[in-house]
Amino acid sequence: MKLQKKKELIFFILKVLVGVIIISPILYACMVSFMGPEEVSSYPPRVFPKEFKLINYDAVLSTYPLFKFLANSIIVCLIVITSQVIFSSLAAYALVFLDFPFKRLLFTFIQITMMIPVESIIITNYITVCDLGLVNTYPALVMPYLISGMSIFLMRQYYMTIPVELKQAAEIDGCSDWGFIYHIAMPISVPTIASLGVYTFVRTYNQYMWPLFVTNSMNMRTVQVGISMLIDGEAINYGIVTAGAVFVLVPVILVFVFGHKYLVNGMTSGAVKG
Amino acid sequence: MLKQKSRKQKMTPYLMLLPTFVFFSAFVYYPFCRAIYLSFCMTNAVGHPMKFVGLGNYEWLFKSKQFWNSIQVSFKFALLIGVCTFTVAFILALMANVKMRGSRIYETLYSLPMAVSSAPAAAIWFLIFSSGSGILNYMLHTDVRWLQDRSIAMYSVALVTVWMNIGANFIFLLTGLRNVPKDLLESATLDGAGYFNKLRHVVLPMASPQIFFVVFLNITTSFQTFAQIKLLTQGGPAYSTDILVYNIYRTAFRDNRFDRACALSVILFLIIFLITRVQFMLEKKGVHYS
């Protein structure tokens with residue numbers, strides 16, 4: 001029995017060690033971000049800073065409006081999440097609880113959107129945004145992402161588990177469809193909404209291609225594009241670059257760690273047949 | 001049936017679907033049709049059609065060496081990503097399979113790179129790859145120019161991409177492995193099956209939907225890789241990492257040829273469409289769903 005316990009503990013430590021190796025690039029960057037300039041470029045390369053200095057963070061924050069980038073990203077994320085939750089709940093409700101002409105056809109059209117890769121329509125979406133004169137605006141950043149087939153699927157998957165009796169009982173009590181969504185369906189689907197929220201946050205926060213296309217003023221950059229400017233130059237200052245990278249990573253890693261359960265849920269419940 | 005629905009009630013489902021279809025129309029159906037249309041036109045500097053040229057853009061592409069290079073690079077990249085990401089993630093999932101106290105810790109660690117997007121990932125790997133005083137060269141006792149050598153750059157970018165994709169693969173595969181019924185495994189143990197026998201005859205078939213899903217997910221996402229390429233190599237050196245999506249970007253924004261970029265976009269769509277068709281066909285044939 002004791003031997004078994006010991007074995008388990010060793011395995012546990014080994015597994016955690018493998019995990020540390022996997023995230024070691026992040027840890028290493030984190031260490032470098034606290035080094036002074038002569039340590040960053042020392043050879044052989046140092047892994048741990050002699051003392052933790054904040055000069056890189058001072059430098060990156062005073063040269064680049066990182067907080068403005070962060071605010072832009074958060075605003076975009078909040079708009080996208082809110083709109084996806086509301087619109088996908090409505091659409092999923094209609095598809096699960098209501099019967100109406102052309103339902104199958106409309107559902108097929110929703111499925112079609114999931115077969116079109118974003119990258120193949122990004123050029124024409126960019127042309128549309130230019131035509132509308134919306135370059136460098138929040139509407140441009142969020143518009144193509146206000147609804148997605150994947151989020152409709154996720155909500156639909158959950159609504160299909162709500163017993164029809166609940167809906168019928170509510171109907172007898174005189175509850176309208178809108179009332180049912182607002183007072184019953186959405187409140188009981190909070191865990192699913194959380195999954196959708198965490199998943200959408202990570203995806204939206206990490207977007208690079210679209211924000212790169214539709215913004216070009218410093219004031220409208222999102223974090224990803226903003227941080228990529230640090231590595232665009234000729235001579236790269238690794239201390240500053242890693243400080244910027246760590247700055248961008250902290251919010252998303254926090255959401256990831258605390259929302260891990262919801263994220264896993266969101267990813268796995270809609271994707272594979274079930 | 002019991003009572004006639006009022007006209008307002010009849011409209012309800014359409015009202016609920018209205019926002020969805022308004023946005024889909026504006027940002028999926030319309031741009032998709034427009035991309036097809038523009039691919040048959042010659043466009044001006046702001047992407048408006050000047051004249052209809054039929055298959056002209058496609059003919060130009062099929063004759064261009066860089067187009068075939070992009071196709072080749074994309075497929076090679078997809079194969080690399082598909083095989084490597086799956087292998088690493090599958091081993092990790094096998095390691096994490098048994099739930100125990102504290103298993104959340106390494107589950108989170110194994111999937112964490114998923115949260116790292118391409119910009120900080122590129123920043124971090126730039127540092128690791130840096131020639132001269134870079135830590136990777138130091139640890140391997142080599143002097144490789146990871147991102148500047150044309151025969152190596154693709155593998156370096158693939159390494160970064162595999163690292164970023166392990167997390168999602170791991171999550172799907174772990175779900176698959178944990179769905180394998182315990183009693184099936186137990187009866188296999190009673191029959192005297194060893195670890196690898198159980199893996200081959202029980203675990204692999206039972207987890208096949210997830211395995212299958214993940215393999216195709218890797219292939220399609222690798223075709224859509226953009227940011228790592230843009231940030232690490234700009235398609236170079238000597239177009240050795242010029243994958244299709246990067247070619248689209250280059251053609252549209254550097255050459256200002258929106259028409260050709262649209263033709264490339266249509267081709268990208270067709271390739272991914274064909275891959276998903278193959279996925280569905282194979283799925284019907286061989287995958288085990290419990």
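Chain naming here is simple, since letters A, B, ... match the order of the sequence lines and numbering starts at 1 in each.
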Side chain, backbone, both or neither of [X] within contact of chain B (heavy atoms, under 4.5 Å):
X: V32(A); answer: side chain
X: L249(A); answer: side chain
X: I123(A); answer: side chain
X: F87(A); answer: both
X: I181(A); answer: side chain

To the nearest 0.5 Å, what is the distance between [atom1] on [X] and [atom2] on [Y]?
X: T225(B); Y: M209(A); atom1: OG1; atom2: CE; answer: 10.5 Å
X: F23(B); Y: T113(A); atom1: CZ; atom2: OG1; answer: 14.0 Å
X: I26(A); Y: W163(B); atom1: CD1; atom2: CH2; answer: 4.0 Å
X: I231(A); Y: L127(B); atom1: CD1; atom2: CG; answer: 11.0 Å
X: M16(B); Y: S89(A); atom1: CE; atom2: OG; answer: 10.5 Å
X: I116(A); Y: F24(B); atom1: CD1; atom2: CZ; answer: 9.5 Å

Looking at [options], which one has more heavy-atom pairs under 4.5 Å with chain A than the rest?
options: S118(B), A121(B), G167(B), G47(B); answer: G47(B)
options: S103(B), G176(B), G102(B), A261(B); answer: G102(B)
options: L231(B), V88(B), T43(B); answer: L231(B)

Quick one: are [X] and [Y] in side-chain contact, heavy atoms under 4.5 Å?
X: N125(A); Y: Y30(B); result: no
X: P117(A); Y: T220(B); result: no
X: S130(B); Y: Y238(A); result: yes
X: L109(B); Y: K15(A); result: no
X: I248(B); Y: E119(A); result: no
X: I127(A); Y: L38(B); result: yes
X: R104(B); Y: H260(A); result: yes
X: F109(A); Y: F21(B); result: yes

Can you tell which part of [X] gets under 4.5 Å to a heavy atom of chain A, answering side chain, backbone, both or neither?
X: Y29(B); result: side chain
X: M114(B); result: both
X: I171(B); result: both
X: F273(B); result: side chain
X: A168(B); result: both
X: F32(B); result: both
X: I272(B); result: side chain
X: S111(B); result: both
X: T20(B); result: both
X: L92(B); result: side chain
X: V46(B); result: backbone

### Message
Check K10(B) with D177(A), please: is the shortest side-chain N to carboxylate O separation under 4.0 Å?
### Response
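No, D177(A) and K10(B) are not salt-bridged.
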
### Task
Just do the side chain to side chain contact (heavy atoms under 4.5 Å, CB included) check on F12(A) and I105(B) with the steps written out, would you?
CA-CA 10 Å; F12(A) 178 75; I105(B) 298 176; 4.0 Å; yes

### Task
For the residue pair Y126(A) and F258(B), categorise the inter-ring angle as parallel (less than 30°), tilted (30 to 60°) or perpendicular (more than 60°).
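Rings of Y126(A) and F258(B): parallel, as their planes differ by under 30°.
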
### Message
Could you check whether any side-chain N or O of Y28(A) sits under 3.5 Å from a backbone N or O of I124(B), counting only pairs where one atom can act as donor and the other as acceptor?
### Response
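Pair absent, no side-chain N/O of Y28(A) close to backbone of I124(B).
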
### Task
Please confirm whether the backbone N or O of F269(B) pairs with a side-chain atom of S120(A), one donor and one acceptor, at under 3.5 Å?
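No; judged by distance alone, with no hydrogens or angles, the pair does not exist.
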
### Message
If you count heavy-atom pairs within less than 4.5 Å of chain B, which of V241(A), I112(A), D131(A) leads?
### Response
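Heavy-atom pair counts peak at D131(A).
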
### Message
Please tell me whether F213(A) and F253(B) form a close aromatic pair, meaning their ring centres lie under 6.0 Å apart.
### Response
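F213(A) vs F253(B): aromatic centres under 6.0 Å.
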
